[in-house]
Amino acid sequence: MADNLLDKASILLTPTAYNDGSMLSIKPENGDGDFDFQRSGNASRVNSSGNVVTESANIPRIDYTDGCGSWLLEPQSTNLITQGNDLSNWSFGRTTRTITDGINPDGTTEKVLVLATSASNGTHRCYSNSTAIIPNEDYTISVYVKKGTASKIEMELKTLSESPDGFGECVFDINNETITNGKFEVFNDDWYRIQSTGSLNTSTSGIIFMYIYNEDGDRSYVATGNENLYLWGVQLEQQSYATSYIPTNGSIATRLADIANNSGNSSLINSTEGVLYAEIAALADDLNIEGISISDGSISNRVVIFKWSNSNSIRARVSSNGINVLNQTFSVSDITDFNKIAISYKLNEFKVYINGTNVFNGTSGAVPIGLNTLSFDTDGTSFTPFYGKNKALAVYKEALTDAELQSLTTI
Amino acid sequence: MIHKRYTFNDKAQADSKISKFFDIDEEGNKVPNERAAFIYLDKFVLVQGEYDEEGIEIVAPTYTEGYALDVVWHNLEESPYGWKTYEVEPESPCHTLY
């Protein structure tokens with residue numbers, strides 16, 4: 001951000017500082033731009049060293065999953081696997097579960113090694129307990145996996161009526177870092193987190209199956225005693241994507257949602273003219289409407305950057321006394337990548353910039369009245385909150401020039 | 001903040017109870033009027049199923065009866081009116097908060 005744009009910002013939030021119950025803004029320094037933060041329980045994140053760590057209730061999270069820190073705001077989610085940490089209540093077919101020395105992604109030092117053992121030809125697998133499933137809803141399986149002497153794993157959610165395939169059939173080749181029907185992230189110490197998403201048509205129960213392939217990439221084989229790999233942190237969520245790790249140790253567990261709001265006041269947010277700027281990445285292209293706003297605490301007067309209900313789309317909205325004077329939708333190449341978005345508002349002059357491009361100019365319309373709060377939601381009251389990653393959020397008390405808006409939003 | 005566990009007759013009854021904690025704004029959106037986190041749990045497995053090596057279910061699992069719902073009430077000190085009847089306190093809860 002250029003120096004003059006830094007100077008001009010009345011509120012500037014970056015992923016740098018927080019305390020219990022607050023996300024601390026860089027500007028202003030008196031705390032009036034700080035966000036109230038609430039989460040009624042623990043949550044995990046990836047720290048700057050690349051380890052999975054737990055944060056206590058009401059502690060905001062700066063996450064480094066992609067190597068660069070960003071605020072992480074997530075919805076409520078439940079891990080339906082009752083023993084996701086160490087697989088101690090799982091069943092093992094032609095395999096054994098052994099605890100070995102080593103470091104898990106959370107820094108604990110008892111790794112779970114799954115070893116193919118049978119000398120008879122067949123699949124070598126382990127599987128979870130049953131869990132209740134709602135038909136036609138998206139579910140996502142995720143697991144941390146590390147190469148042993150085997151380097152290929154298949155995971156899927158199986159059910160009676162989806163016989164024999166369930167959904168997913170996600171196959172991850174660790175040596176070649178290739179995956180089918182899923183995606184993966186790289187972690188410290190050669191760990192990977194793989195995930196696969198799908199839905200079931202009719203079944204009301206399911207189990208997670210994992211198959212260990214042999215060195216030749218065979219799914220069915222006679223074990224030589226040299227086919228093994230490490231597993232940790234299995235998760236099954238009713239989501240279209242994997243959220244941060246939710247440990248389970250005998251019962252299913254829920255991480256509650258993050259809430260961040262109540263930044264700013266009428267002296268920091270100008271209703272006559274200004275700019276709302278955000279550098280954000282969605283958690284998924286899930287078509288849920290979410291947003292970040294400056295508002296008067298209602299939907300009548302607000303400036304909102306929405307993640308919209310079309311695929312990979314952003315909606316910019318300015319409402320004045322209940323009338324939407326700007327309400328336009330724009331496409332981005334990938335809503336889960338970081339995008340830089342700015343909405344500039346002034347009487348009869350509205351502009352939208354996305355990633356350095358001027359995508360909208362409006363020449364008529366009134367401005368909002370009584371703007372006084374900046375929130376990770378769409379009206380200052382936690383309605384349709386933004387869930388995703390945020391690297392920067394700023395408010396300006398003046399409508400910036402085209403050159404400034406272009407500079408601000410250029411990646 | 002309190003965390004309470006409930007078992008309703010079915011999902012429709014749970015949804016009906018929950019609906020009273022939402023208003024409809026002028027754009028037709030459901031807006032919460034009470035700060036609460038509703039955790040839809042449905043059923044828990046009582047007896048595990050049995051499966052063959054391809055994951056085909058041989059014996060179906062059995063489940064708890066009713067519709068399980070956990071709620072975190074942020075501003076209440078006890079269950080709201082009409083909910084207490086359905087409150088349960090299992091010795092070994094099948095669901096916990098992280």
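Order of the sequence lines fixes the chain letters, A, B, ..., with proteins taken first and strands second; residue numbering starts at 1 for each chain. As the structure is a computational prediction, the values presented were derived from the model and not from experiment.
Taking A253(A), G41(A), S130(A), A57(A) one by one and counting their heavy-atom pairs under 4.5 Å with chain B, the maximum is reached by S130(A). Of the listed residues (G122(A), A257(A), A43(A), G93(A)), the one with the most heavy-atom contacts under 4.5 Å to chain B is A43(A). The most heavy-atom pairs under 4.5 Å with chain B, out of R255(A), R125(A), Q38(A), come from R125(A).
With no hydrogens or angles considered, no side-chain donor-acceptor pair links T248(A) and Y98(B) at under 3.5 Å.
At least one side-chain heavy atom of S40(A) sits under 4.5 Å from a side-chain heavy atom of M1(B). Side chains of V72(B) and T254(A) form no contact here, defined as non-hydrogen atoms less than 4.5 Å apart. Under the 4.5 Å side-chain criterion, counting only non-hydrogen atoms from C-beta, F44(B) is in contact with I252(A). I259(A) places a side-chain heavy atom less than 4.5 Å from the side chain of R35(B). Side-chain contact check for I39(B) versus L256(A): some heavy-atom pair is nearer than 4.5 Å.
Within a 6.0 Å radius of CD in E65(B), no more than 12 heavy atoms belonging to other residues, nucleotides or ligands are found. Within a 6.0 Å radius of CD in E78(B), other residues, nucleotides and ligands contribute 12 heavy atoms or fewer.
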(message) Is there a side-chain hydrogen bond (donor to acceptor under 3.5 Å, both in side chains) between T78(A) and Y40(B)? Walk through the geometry before answering.
(response) CA-CA 9 Å; T78(A) 299; Y40(B) 300 83; over 6 Å; no
(message) Is there a side-chain contact (heavy atoms from CB on, under 4.5 Å) between S251(A) and H95(B)? Walk through the geometry before answering.
(response) CA-CA 5 Å; S251(A) 60; H95(B) 171 255; 5.8 Å; no
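Taking CD from Q48(B) and OG from S91(A), the interatomic distance works out to 7.5 Å, rounded to the nearest 0.5 Å.
Only the side chain of H74(B) comes within contact range of chain A, judged by heavy atoms closer than 4.5 Å. For S44(A), the parts sitting under 4.5 Å from any heavy atom of chain B are the backbone and the side chain alike. Of the two parts of R39(A), neither the backbone nor the side chain holds a non-hydrogen atom closer than 4.5 Å to a non-hydrogen atom of chain B.
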